[in-house]
Amino acid sequence: MRISRRLVAAAIALAPLAGMPALAMAADSSLGTPSGQVTMKFKSLDVGVGHTWGTGKLVFKHHTYRFKIEGGSLAAVGFANVDARGTVYNLTKVQDFEGSYAAVNGDVTAGTGVGAILLNNPAGVRIQLDTTSTGGRLAAAAQGMKITLRK
């Protein structure tokens, strides 16, 4: 895949900021009560407005639940494959895991990148993710993600 010079230049300029979400989350002890673990694999394709899709697994109360991911972002350009692992907070019943999540974050990927995302849903569930991505992508905007449990 050929990456445009502008995308590479923007990625280099913003690279020092890429670790900031992780530092902010590490300093925040108010995430809530840890209640589960997640792994996700998803792709993002962005041209101004983006689309995200993929799958994941939730481990909650000694059970594994599979789910699908659909979502989007604003003010982003590029393509990325993302692997994510993280902790779920404030989950008391698996039904509260489903739904729409929102995040505000920045993402720079030029080749391989690492990052962190904090997702929140209206039921009070929070998902803290550490991500590894490959591709060429620049995003600095609001992001939304809908999680649906597979039956």
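Values in this document were obtained by computation on a predicted structure and should not be read as measured data. Because only heavy atoms are used, hydrogens play no part in the values below, and waters and symmetry mates are left out as well, while side chains stay in.
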- Message: What's the separation between atom CG in Leu129 and atom CZ in Phe42, rounded to the nearest 0.5 Å?
- Response: 6.5 Å
- Message: Test: salt bridge (charged side-chain N to carboxylate O under 4.0 Å, His left out). Region: residues 55-69. Which pairs qualify, not counting sequence neighbours?
- Response: none
- Task: Decide yes or no for Arg85 and Thr39: does some side-chain heavy atom of the first lie under 4.5 Å from some side-chain heavy atom of the second?
- Result: yes
- Item | NE2-OG distance between His51 and Ser44, expressed to the nearest 0.5 angstrom | 9.0 Å
- Message: Hydrophobic clusters here meaning ILVMFWY residues chained together by side-chain heavy-atom distances under 4.5 Å, can you tell me if Leu149 and Val88 are in one?
- Response: yes
- Task: Could you verify whether a donor N or O on one side chain and an acceptor N or O on the other, from Asn90 and Arg126, lie under 3.5 Å apart?
- Result: no
- Mind checking ring-ring contact (aromatic ring centres under 6.0 Å, His included) for Phe67 and listing every partner two or more places apart, or none if nothing turns up? Phe97
- Taking side-chain hydrogen bond (donor to acceptor under 3.5 Å, both in side chains) as the test, write out the residues that go with Asn121, two or more places apart. Tyr101
- With Thr132 via side chain to side chain contact (heavy atoms under 4.5 Å, CB included) - residues at least two apart: Thr112, Val114
- Task: Specify whether Tyr65 and His63 have parallel, tilted or perpendicular ring planes, treating 30° as the upper limit for parallel and 60° as the lower limit for perpendicular.
- Result: perpendicular
- Item | Counterpart residues, salt bridge (Lys or Arg N to Asp or Glu O under 4.0 Å), relative to Lys41 (two or more places apart) | Asp83
- May I ask you to test the Thr148-Ile69 pair for a side-chain heavy-atom distance under 4.5 Å? no
- Task: Please examine the side chains of Lys43 and Thr52, heavy atoms only from C-beta on, and report whether any two atoms are closer than 4.5 Å.
- Result: no
- Message: Closer than 3.5 angstrom, by distance alone: can the side chain of Ser133 be matched with the main-chain N or O of Val82 as a donor-acceptor pair?
- Response: no
- If we only count heavy atoms from C-beta on, is the Phe60 to Gln37 side-chain gap below 4.5 Å? no
- What are the two closest heavy atoms between Ala84 and Thr131, and how far apart are they? CB-CG2, 3.8 Å
- Query: Among the clusters formed by ILVMFWY side chains lying less than 4.5 Å apart, do Val94 and Val125 turn up in the same one?
  - Reply: yes
- Task: Output the distance between atom NZ (Lys93) and atom OG (Ser35), rounded to the nearest 0.5 Å.
- Result: 13.5 Å
- Message: With side chain to side chain contact (heavy atoms under 4.5 Å, CB included) as the criterion, how do Thr55 and Arg150 come out once you've worked through the C-alpha distance, each side chain's angles and the decisive distance to 0.1 Å?
- Response: CA-CA 10 Å; Thr55 60; Arg150 293 187 179 235; 3.6 Å; yes
- How would you list, by chain and number, every residue that makes a salt bridge (Lys or Arg N to Asp or Glu O under 4.0 Å) with Asp96, sequence neighbours excluded? none
- Message: Between Ile127 and Ile117, is there a side-chain heavy-atom distance shorter than 4.5 Å?
- Response: no
- What's the spacing between Leu91 CG and Thr33 OG1 if we round to 0.5 Å? 11.0 Å
